Trainee: 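Can you keep this structure in mind? I'll have questions shortly.
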Amino acid sequence: MNSISAKTTPTLSLEELHQFADQFFTEAQMNNKFPGAALVIVKDGEIVFSGEYGYADLDSRTPVNTDQTVFFVESVTKSFTATAIMQLAEKELIDLHADVNEYLVSFQLESAFSKPVTAADLLAHTGGFDDTDIGAYAKTEDEVIPLKDYVKNHLPARVLPPGEIVSYSNHGYALAGLLVEEITAMKFADYMEEEILKPLDMNNSSFILSPEMEQHLALPYLLQNDSFSPGFFLFHNYSPAGGLKATARDMANFIIAHLENGRYNDHQLLQESTIKEMHRRQFTHHDKLPGWAFGFYENYINGYRCLVHGGSNRLGHSSQLFMLPDENFGYFLSLNTFNLDLHDQFLAELMDKFYPEKEETRLAQLALDHDEQLNKYSGHYFSTRQSRNSVEKIMLLLGQLQVGLEADKLTAAYPQGEDTSSEWVKVGPLLFQNTDTGSLMAFRENEEGQVTYLFIDNQAYERLPWYTAAPLQVAGLALLILIFLTAAAIWPFTCLRKSYLQDRLKADKTGLYLAWVLAVANLFFLVSLAIIFLNYQVELAFGMPGLLKLLLLVPYAILALTAAAFFYAGKILKEKRLTPCCRIHLAITTLCSAGFLYFLYFWNLMGLYNG
C-alpha cells in the first residue's frame with residue numbers, strides 16, 4: 001500500500017475538528033465509555049486542539065486538565081525509549097546492528113541461535129524473547145526492582161531466532177533501556193529526564209512520580225456492570241517498556257518533535273536523517289503488510305501511512321499516540337480506563353471525516369483451490385506474544401485463532417467470541433484480504449511447503465500442532481474430569497463399601513482406596529487452580545502468589561499416587577477378583593491420571609516450571 005499523494009490531501013478545518021472531537025467525546029461520556037479523557041491534536045508544528053472530558057477523580061469530581069492531569073501512558077513509553085536509543089546511535093555510542101552483548105556489562109544474553117540479538121531487533125520487537133507478565137509490576141514505586149537487577153534476573157528465554165518474527169516484547173524494551181543505562185552510566189530515568197523530557201519542556205512528565213505529580217494523577221477505573229469502580233496503579237519493573245507518566249500537553253511536544261524532523265522550538269532532539277531512519281519501515285513479514293518502525297508500528301488507513309503506538313493495562317489505563325508524518329498531523333489520547341474499542345472508533349471516524357479514502361486500496365480477488373487451501377491454511381494459530389515457559393501458557397487455550405474454509409473464502413475466528421469471525425479472500429500467493437475492513441493476512445511456509453505462520457497487519461501467529469488445538473484440549477480435559485467425578489462419586493458407594501470388600505485381599509482394598517484418593521486429588525487440584533486464578537489475577541502481576549506456588553507442588557503428590565496406583569492396579573487386574581466393570585473403571589481412572597499429569601506438564605502447571 002502507498003500513501004495518498006499530497007495533491008489529494010484534504011484541507012483540515014480546525015473548526016470542524018473541534019466540533020467533531022467535542023461531539024464524539026460528549027456522546028461517549030454520556031454512554032459511560034470512560035470516566036476521564038484528555039486529547040491533544042497537533043498540526044504543522046502546533047497544538048491546534050486540546051480536549052478535556054470527564055473526571056480525573058470521580059469521587060472528588062476533579063476534572064481532567066490537559067496541562068496538569070497525569071496519565072500512565074503505558075506502552076507509549078516505548079516510543080521514548082526508542083528515541084533514546086536513536087540518540088545513542090546518532091552519537092555513535094551504539095551500532096544498532098551489532099550484538100547487544102558488546103554493550104552489556106552486568107550480564108550477557110545466552111547464545112540460543114546462530115544470529116545475535118541487536119538493538120534494531122529490540123526496537124522492532126524481533127528479539128525473539130518469550131513473554132510473561134508475572135512479577136513484571138510493583139504495587140508502589142518504592143517496590144520497583146532496579147532495572148539492571150530486574151532484567152538480569154527476569155529476562156525471559158529466547159524462543160525465536162532474532163530478526164525473523166515479530167513477538168511483541170516488553171522485556172525486549174526493558175533490555176533496550178538497560179543498554180541506555182550501561183552505555184551512558186546514567187540511570188534510565190535520569191537519562192530520559194535530561195536528554196528527552198527537559199529539552200521537550202515536558203515539565204509535568206517523568207518516569208518517577210514527584211509529590212506534585214501525584215496530586216494530579218488520573219485515577220484508574222474499571223467498567224463493571226455499567227458503572228465505574230476503582231482500578232489499580234501498576235508500577236513497571238520494566239520501566240522502559242511502560243513506565244512514563246505524562247500529561248497530554250507534554251505528549252504533544254514529543255509528537256511535534258517527531259513531526260518536525262526532530263526539532264522542538266530551538267532544540268534538535270534528533271537529526272532529520274535519524275528521524276527519517278527511525279520512522280522508516282524496519283521490519284515486515286510481507287511487503288504488502290504494514291510493519292514496524294523503531295518505536296512505532298505502521299498502519300494504513302484510507303491509503304495514508306500512519307505511525308502509531310498504543311499503551312494500556314486492563315486495570316484502568318489506555319492511551320494512543322498517532323501520527324500522519326506526510327500530513328504533519330498527530331494526536332495523543334489518554335483515558336483513565338481500559339477501552340481500546342473507543343480508541344479504535346475515534347481514530348476510524350477521525351480519518352474517515354478528515355482524511356477520507358481517495359484511492360481504491362482493495363486488491364483483486366483470485367480463485368481459491370478448495371482442497372489445497374483447506375489442508376494448507378486451516379488450523380489453529382496463537383499469537384507469538386504468548387508465554388511458553390510459565391503458568392500463563394494455559395491462557396493459550398483462550399486465545400487461539402481458528403482458520404477455516406467457507407465457500408471460496410477463508411474464515412478466521414476466536415472460539416470464545418462468535419462476533420469476532422471474519423472472512424478473507426485470496427488476493428495473491430499466500431495473501432488474503434478481509435472482505436470487511438480491507439486488512440491483509442499473509443501466510444508463511446517452511447521448506448516442505450507446510451504453513452507455519454500467519455500474519456495479520458503487523459502481528460504474527462504461529463501454527464499449532466493439531467493436538468494443542470483448544471477444542472481438542474478442552475474436550476480431553478472435560479473427559480478426564482468426568483472420569484474423576486465418577487470415580488470420586490461412585491466408588492465410595494459401590495466398590496468401596498464394606499460388604500463388597502470384606503472378602504477381598506488387602507491389595508484390592510489398598511488399590512481401590514488409592515485410586516479413589518487419586519481421583520479426588522486431581523479434582524481438588526483443578527478446582528483450587530480455578531479459584532486461585534479467578535481471585536489472584538491482579539496478584540500475578542506482582543509475582544507468583546504463595547498459594548499458587550504451593551498448589552503447583554500438588555502434581556508431584558499426584559505423580560507419586562499415580563505410580564502407586566499403577567502398581568496396585570496391575571495386581572488387581574491380574575488376579576481378576578473384581579467385577580469386569582470395576583476392573584475397567586479402575587484401569588481407565590489410573591490411565592486418565594497419567595494423562596492428566598501430561599496435561600499439567602504440557603501447560604506448565606507443575607512446580608518444576610515456577611521455582
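All values reported here derive from a predicted model rather than from experimental measurement.
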Trainee: Hey, does the Lys NZ or Arg CZ of Lys148 hover above the aromatic six-ring of Phe107, less than 6.0 Å from the centre and inside 45° of the axis?
Mentor: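 Ring-cation test returns no.
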Trainee: I'd like to know if Glu445 and Arg463 make a salt bridge, using a cut-off of under 4.0 Å between side-chain N and carboxylate O.
Mentor: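 No, no charged N to carboxylate O under 4.0 Å.
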Trainee: Do the side-chain N and O atoms of Thr126 and Asp121 include a donor-acceptor pair separated by under 3.5 angstrom?
Mentor: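 Their side chains do contain a donor-acceptor pair, which is all the 3.5 Å distance test asks for.
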Trainee: Could you check whether atom CD of Glu447 has more than 12 heavy atoms from other residues, nucleotides or ligands sitting under 6.0 Å from it?
Mentor: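 Atom CD in Glu447 is not crowded, with 12 or fewer foreign heavy atoms closer than 6.0 Å.
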Trainee: For Phe72 and Phe233, take the angle between the two ring planes, folded into 0 to 90°, and tell me which bin it lands in: parallel under 30, tilted 30 to 60, perpendicular over 60.
Mentor: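 Tilted, since the angle between the ring planes falls between 30° and 60°.
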Trainee: Would you call the rings of Phe455 and His285 parallel, tilted or perpendicular if under 30° counts as parallel and over 60° as perpendicular?
Mentor: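 Plane angle under 30°, so parallel.
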Trainee: Is the count of non-hydrogen atoms from other residues, nucleotides or ligands lying under 6.0 Å from Asp226 atom CG greater than 12?
Mentor: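 Atom CG in Asp226 is not crowded, with 12 or fewer foreign heavy atoms closer than 6.0 Å.
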Trainee: Just wondering, do Phe338 and Asn313 contact through their side chains at under 4.5 Å, heavy atoms?
Mentor: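 Asn313 vs Phe338: side chains apart.
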Trainee: Is a side-chain donor-acceptor pair under 3.5 Å present for Ser318 with Ser312?
Mentor: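 No.
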Trainee: Which is it for His585 and Thr486 under the side chain to side chain donor-acceptor pair (under 3.5 Å) test, yes or no, and what are the steps along the way?
Mentor: CA-CA 9 Å; His585 198 282; Thr486 58; 3.0 Å; yes
Trainee: Looking at Lys245 and Glu141, is any side-chain nitrogen of the basic one under 4.0 Å from a carboxylate oxygen of the acidic one?
Mentor: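 Yes, this pair counts.
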Trainee: If you take all heavy atoms of Ser387 and Glu392, which pair is closest and at what distance?
Mentor: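 Smallest interatomic distance, heavy atoms only, reads CB-CB, 3.7 Å.
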Trainee: Which pair of heavy atoms, one from His317 and one from Pro220, lies closest together, and at what distance?
Mentor: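 Shortest heavy-atom separation between His317 and Pro220 comes out as NE2-CB, 3.6 Å.
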Trainee: Is a donor from one side chain sitting under 3.5 angstrom from an acceptor on the other, for Thr437 and Ser439?
Mentor: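 Indeed, the side chains of Thr437 and Ser439 share at least one donor-acceptor pair under 3.5 Å.
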Trainee: Quick one: OG on Ser167 to CG on Asp130, what's the gap to the nearest 0.5 Å?
Mentor: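 So the OG of Ser167 and the CG of Asp130 are separated by 7.5 Å.
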Trainee: Looking only at non-hydrogen atoms, find the nearest pair between Asn336 and Phe71 and report the distance.
Mentor: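 Closest pair (atom of Asn336, atom of Phe71, distance): N-CE2, 3.9 Å.
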Trainee: Quick one: do the Ser75 and His309 side chains pair a donor with an acceptor below 3.5 Å?
Mentor: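 Note: Ser75 and His309 side chains miss the donor-acceptor criterion.
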Trainee: Side chains of Ser421 and Thr411: any donor to acceptor distance under 3.5 Å?
Mentor: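 No, no side-chain donor-acceptor pair sits under 3.5 Å.
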Trainee: Near Arg314 CZ, under 6.0 Å, is it more than 12 heavy atoms from other residues, nucleotides or ligands?
Mentor: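 Atom CZ in Arg314 is not crowded, with 12 or fewer foreign heavy atoms closer than 6.0 Å.
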Trainee: For Lys115 and Pro162, indicate whether the former's side chain and the latter's backbone hold a donor-acceptor pair under 3.5 Å.
Mentor: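 Indeed, once roles are kept as given, a pair shorter than 3.5 Å links the two residues.
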Trainee: Roughly how far, to the nearest 0.5 Å, is the CZ atom of Phe524 from the CD1 atom of Ile558?
Mentor: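 Nearest 0.5 Å value for the CD1-CZ distance: 9.0 Å.
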Trainee: Restricting to side-chain contact (heavy atoms from CB on, under 4.5 Å), what partner residues turn up for Leu485, sequence neighbours left out?
Mentor: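 side-chain contact (heavy atoms from CB on, under 4.5 Å) check on Leu485 returns Ile481, Leu523.
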Trainee: I'd like to check Tyr238 versus Asp133 (side-chain heavy atoms, cut-off strictly below 4.5 Å). Are they in contact?
Mentor: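 Answer yes - side chains close enough.
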Trainee: Apply ring-ring contact (aromatic ring centres under 6.0 Å, His included) to the pair Trp292 and Phe283, showing each step before the final yes or no.
Mentor: CA-CA 5 Å; Trp292 288 82; Phe283 181 85; 9.2 Å; no
Trainee: Taking the side chain as C-beta and beyond, is there a heavy-atom pair between Leu440 and Ile456 under 4.5 Å?
Mentor: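 Side chain of Leu440 against side chain of Ile456, heavy atoms only: no contact under 4.5 Å found.
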Trainee: Identify the heavy atoms of Ile394 and Phe599 that sit nearest to each other, and give their distance.
Mentor: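 Smallest interatomic distance, heavy atoms only, reads CD1-CZ, 4.3 Å.
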Trainee: Going by the side chain to side chain donor-acceptor pair (under 3.5 Å) test, name the single residue among His125, His236, Lys78 that passes it with Asn170.
Mentor: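 Answer to the side chain to side chain donor-acceptor pair (under 3.5 Å) test with Asn170 among His125, His236, Lys78: Lys78.
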Trainee: Is it the case that more than 12 heavy atoms not belonging to Tyr536 sit under 6.0 Å from its OH atom?
Mentor: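 Not more than 12 within 6.0 Å, no.
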Trainee: With a 4.5 Å heavy-atom cut-off, do Leu222 and Thr337 have their side chains touching?
Mentor: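 Not in contact.
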Trainee: Check this for me: does any side-chain nitrogen of one of Arg388 and Glu462 sit under 4.0 Å from a carboxylate oxygen of the other?
Mentor: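 So Arg388 pairs with Glu462 through a salt bridge.
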Trainee: Please walk me through it: do Arg444 and Glu164 pass salt bridge (charged side-chain N to carboxylate O under 4.0 Å, His left out)?
Mentor: CA-CA 11 Å; Arg444 179 179 295 179; Glu164 296 186 11; 5.3 Å; no
Trainee: Can you see which heavy atom on Gln224 is nearest to which on Ser229, and at what distance?
Mentor: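 For Gln224 and Ser229, the tightest heavy-atom pair comes out as OE1-OG, 2.9 Å.
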Trainee: Measure across Leu122 and Ala176 and return the closest heavy-atom pair with its distance rounded to 0.1 Å.
Mentor: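 Shortest heavy-atom separation between Leu122 and Ala176 comes out as CD1-N, 3.8 Å.
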Trainee: Please indicate whether Lys152 has more than 12 foreign heavy atoms, meaning atoms of other residues, nucleotides or ligands, lying under 6.0 Å from its NZ.
Mentor: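 No.
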Trainee: Can you tell if the side chain of Phe34 reaches within under 4.5 Å of the side chain of Tyr221, non-hydrogen atoms only?
Mentor: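 SC-SC contact between Phe34 and Tyr221 ruled out.
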Trainee: Consider only side-chain N and O atoms of Ser593 and Thr590, and report whether a donor and an acceptor are under 3.5 Å apart.
Mentor: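 No, because no side-chain N or O of Ser593 sits under 3.5 Å from a partner of the opposite role on Thr590.
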